[in-house]
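Sequence positions, counted from 1, serve as the residue numbers for this chain.
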Amino acid sequence: SFYQYAFSSEDFREILVSSGFCVEAEYGMSQLYAFTYRFNLFGKIWDAFPLLSKLDVLFDRIPVMHNFARMRIYVARKK
């Protein structure tokens, strides 16, 4: 079996800071993709209209959607 631990954004940010990094920015990615797994109805809509995947780039730019992100990108520099 396979298990992958998912850090919360706060946990991962703390790991970076405690390792001597200064986090300058944080971005969420693939929010619409995450919705297909979290909400059954949204997944069905996604399957019925595959062109919705083109909207993913637009939704990635909406700040409130970052809470639903499937992946995160951190911009950090060593202190």
Side-chain angles (χ1 to χ4, degrees):
S1 69
F2 174 78
Y3 177 78
Q4 181 175 354
Y5 180 77
F7 292 99
S8 70
S9 59
E10 294 83 13
D11 288 343
F12 195 76
R13 181 181 286 271
E14 180 59 34
I15 290 170
L16 289 172
V17 170
S18 66
S19 298
F21 288 89
C22 176
V23 178
E24 297 181 356
E26 178 182 347
Y27 304 97
M29 293 183 60
S30 298
Q31 288 89 344
L32 287 180
Y33 187 77
F35 267 72
T36 64
Y37 290 103
R38 293 185 184 185
F39 305 107
N40 191 26
L41 177 61
F42 194 85
K44 290 178 182 177
I45 293 170
W46 183 274
D47 291 340
F49 302 99
L51 289 178
L52 285 176
S53 64
K54 306 271 188 226
L55 297 175
D56 201 21
V57 174
L58 297 175
F59 277 84
D60 283 347
R61 295 180 178 3
I62 300 172
V64 73
M65 295 293 288
H66 291 189
N67 295 331
F68 297 101
R70 185 175 82 101
M71 297 179 288
R72 305 203 71 74
I73 295 176
Y74 292 85
V75 178
R77 67 179 158 75
K78 190 75 168 171
K79 293 181 185 177

Does the Lys79 side chain pair with the main chain of Ser19, one donor and one acceptor, at a distance under 3.5 Å? no
Considering only residues two or more places apart or on different chains, which pairs with a residue in residues 13-23 satisfy salt bridge (charged side-chain N to carboxylate O under 4.0 Å, His left out)? Arg13-Glu26
Non-neighbouring partners of Ser8 that pass side-chain contact (heavy atoms from CB on, under 4.5 Å), sequence neighbours left out: Glu10, Asp11
Who are the side-chain contact (heavy atoms from CB on, under 4.5 Å) partners of Ala48, not counting sequence neighbours? none
Go through the structure and list residues passing ring pair (Phe, Tyr, Trp, His ring centres under 6.0 Å) with Phe21, not counting sequence neighbours. none
The criterion is salt bridge (charged side-chain N to carboxylate O under 4.0 Å, His left out); which residues satisfy it with Glu24, sequence neighbours excluded? Arg77
